[in-house]
Amino acid sequence: MKNNFDCDLLVVGLGPVGDVLAALATLRGLRVIAIDREHGVFPLPRAAVFDHEVMRIFQMVGISARVAPLCRVPERYQFLTADRQVLLDFAVGSDGPFGWAESYVLHQPAVEGALRERLLELRVDIRTGCSFESLEQDPSGVNVRVRPVDGNGAYTLRARYMVGCDGGASPVRESLAIGLDDYQFDEPWLVLDTIIDEPGDLPLVCEQICDPQRPTTHLVMSGNRFRWEFMIKPGETPADFLEERRIRELLAPWKCADRIRIERKAVYRFHGLVAKQWRSGRVLLAGDAAHQMPPFAGQGMCSGIRDSANLAWKLAAVLREAADESILDSYQIEREPHVRAIIDTAIQMGRIVCLLDPQAAAGRNAQMLARRQSGAQDVSVRYPDLQTGPLLSDSPLAGSLFPQPVIDGVHFDEALGQKATLIGRHLSGIPSEVHLIDLAVDDPTPFTPVLEAWLQSMNAESVLIRPDRHVFGTGSPGDLLAKWNFALRGGSGAPKSDDSLIAERC
Ligand SMILES: Cc1cc2nc3c(=O)[nH]c(=O)nc-3n(C[C@H](O)[C@H](O)[C@H](O)COP(=O)(O)OP(=O)(O)OC[C@H]3O[C@@H](n4cnc5c(N)ncnc54)[C@H](O)[C@@H]3O)c2cc1C
């Protein structure tokens, strides 16, 4: 076993999830090598929507200013009947409390391009055209066999940890023989990315048209791009749907049909899958390698990017701050229930959209229209806070995202950096590895009154925010720091008497 490591972290797969993980781990001081078997970004149409939390993670990566102009904020996300009555209506365009709009529509390759550019700026050792072949672990590291796709000889990289961000088919997951939990949702759809130079009055919204004759998704994307997705019905042949003639038939009912240029097309099977195990020793899985979901909630990539934000600080804590390795087990403990809640929502939405029986669809419409008239929504897109992991269980806000106020165009997180942050008063004497924001200093920042008001409204003396911007807990500064350090040590040592610390299980 050789102990001269080529890197702290080997990221296998540079889709959006691997890109974000490689960037955040580098920003937190890890030596990262990232490999991808392709030379460029994935060419087929995929993610069209992401949310405020992901934009906040892009901010942490240092690219939100670059990404924002590549995106558009859609006005609404609606589920409609075939004759365009509104079944569900989500106002997704408004700014939420986290500093960014609820939703953005994107052109995935453009955003992935911005991420790759950032990796180059951060001088991450990127090896494209380099395929993962196999791995072997020992107690101190992972030996990974990689092969350049141009045919040059295979070689071995030794890393302290490795994360498989290598997509749905995940050769890394396969090599660990980790099985998948299947939600038994399996629907084939044609997906078209199009360009329309003069879209006329085509609505700038995201729509699910719940037409039992042909369930259809229509999305405005960034610039002059629009997405259409058409369900392929039982008995139809998916390959036929990639033919130009068939595509034109499907688009014909849309007013601007003759001006639609097809940029990219693909047939996908939408399904719900969760890997049974997300960590095996020094190897972890993230993104589609760990979970996949139908796109009706626009959350597959978002969930993977949240994985990266969760994992990056924990790996850095283990490798740079002598945190206990067992904290890595909290990754799946925290992320899996969150992902499963989203898969449930996405499948619930999918079952509404994919109904093909006209009678059942009429019943669905009647029921949902009545509910809507009564003011109720059938489906919530509020996802749960983190429930367990390095969090203070008796702290009411533990696991929630800390708000991000924006004052005069400046986002609060810019003051946070990559470490955990303690916000309170009179912190100057406190020795700490965490970033301190002392509200009692003589030169208050524009954010001081907002933060003071937040603490007051929570009846809290101080708050500790984890590096991934989730609240660890509220309490007295000394107590919070002791419990944070206790959590990083995996729950060993003082404070022993306090059983409120869920982190004990990590
Ligand atoms: C039609 C459709 C619509 C979608 N819409 C949305 C949406 O609106 N919002 C959303 O959030 N998500 C959406 N998704 C999901 C989203 O696209 C995926 O969740 C996301 O791309 C997964 O990212 P990833 O980085 O985990 O994997 P990928 O993007 O698949 O990247 C995996 C990478 O691993 C590399 N790789 C594979 N094998 C190897 C190997 N052996 N060695 C080295 N490298 C390897 C691949 O080349 C690839 O670059 C949609 C998906 C589809 C199909």
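Numbering of ligands and ligand atoms starts at 1, following listing order. For reference, positions follow the sequence shown, starting with 1.
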For this session: Please work out which of F50, F270, F132 has its closest non-hydrogen atom nearest to atom 42 (N) of ligand 1.
Result: F132
Exercise. Is it the case that R72 and S222 place a side-chain donor and acceptor less than 3.5 Å from each other?
Worked result: no
Problem set entry | R160 to F5, cation-pi by 6.0 Å centre distance and 45° axis angle | yes
For this session: Determine, step by step, whether R469 and M60 satisfy the side-chain contact (heavy atoms from CB on, under 4.5 Å) criterion, reporting the C-alpha distance in whole Å, the side-chain angles of both residues, the deciding distance to 0.1 Å, and the verdict.
Result: CA-CA 10 Å; R469 315 309 189 216; M60 218 186 290; 3.4 Å; yes
For this session: May I ask you to check whether A48 has an N/O atom sitting below 3.5 Å from an N/O atom of ligand 1?
Result: yes
Problem set entry | Proximity winner for atom 21 (O) of ligand 1, if only heavy atoms of M301, Q108, M293 are counted | Q108
Exercise. Side chains of Q85 and N365: do they bring a donor and an acceptor to under 3.5 Å?
Worked result: no
Exercise. For E229 and ligand 1, does the shortest N/O to N/O distance drop below 3.5 Å?
Worked result: no
Seminar exercise, completed: atom 1 (C) of ligand 1: of I35, V191, V146, the nearest heavy atom sits on V191
Exercise. Counting heavy atoms not belonging to E136, are there more than 12 under 6.0 Å from its CD?
Worked result: no
Exercise. Taking non-hydrogen atoms only, is P16 closer than 4.0 angstrom to ligand 1 via side chain, backbone, both or neither?
Worked result: both
For this session: Please determine if R84 forms a cation-pi arrangement with W254, meaning its NZ or CZ atom is less than 6.0 Å from the six-membered ring centre and no more than 45° off the ring axis.
Result: yes
Problem set entry | N/O separation below 3.5 Å, V12 to ligand 1 | no
For this session: Work out whether the distance between some heavy atom of C130 and some atom of ligand 1 is less than 4.0 Å.
Result: yes
Exercise. To which protein heavy atom is atom 49 (O) of ligand 1 closest, and what is the distance rounded to 0.1 Å?
Worked result: D36 OD2, 2.5 Å
For this session: Just go through R127, R46, E174 and tell me whose heavy atom is the nearest to atom 17 (O) of ligand 1.
Result: R46
For this session: Check each of G300, G40, A47 against atom 6 (C) of ligand 1 and report the one with the nearest heavy atom.
Result: A47
Seminar exercise, completed: One finds that the ligand 1 atoms under 4.0 Å from a non-hydrogen atom of Y268 are 1 (C), 53 (C)
Exercise. Between D288 and ligand 1, does any nitrogen or oxygen pair lie at a separation below 3.5 Å?
Worked result: yes
Exercise. Less than 3.5 Å between some nitrogen or oxygen of V49 and one of ligand 1, yes or no?
Worked result: yes
Exercise. So between A286, S303, C165, A290, whose heavy atom ends up nearest atom 32 (C) of ligand 1?
Worked result: C165
For this session: Identify, by atom number and element, the atoms of ligand 1 in contact range of G167, meaning under 4.0 Å from any of its heavy atoms.
Result: 27 (O), 30 (O), 32 (C)
Exercise. Checking R335 against Y331: charged group under 6.0 Å from the ring centre and within 45 degrees of the axis?
Worked result: no
For this session: Please state whether the rings of F270 and F296 are parallel, tilted or perpendicular, taking 30° and 60° as the class boundaries.
Result: perpendicular
For this session: Please could you name the atoms of ligand 1 that G298 approaches to less than 4.0 Å, counting only its heavy atoms?
Result: 7 (C), 8 (O), 9 (N), 10 (C), 11 (O)
Problem set entry | Mutual orientation of the aromatic rings belonging to F79 and F90 [parallel < 30°, tilted 30-60°, perpendicular > 60°] | perpendicular
For this session: With heavy atoms only and a cut-off of under 4.0 Å, state how P171 meets ligand 1: side chain, backbone, both or neither.
Result: side chain
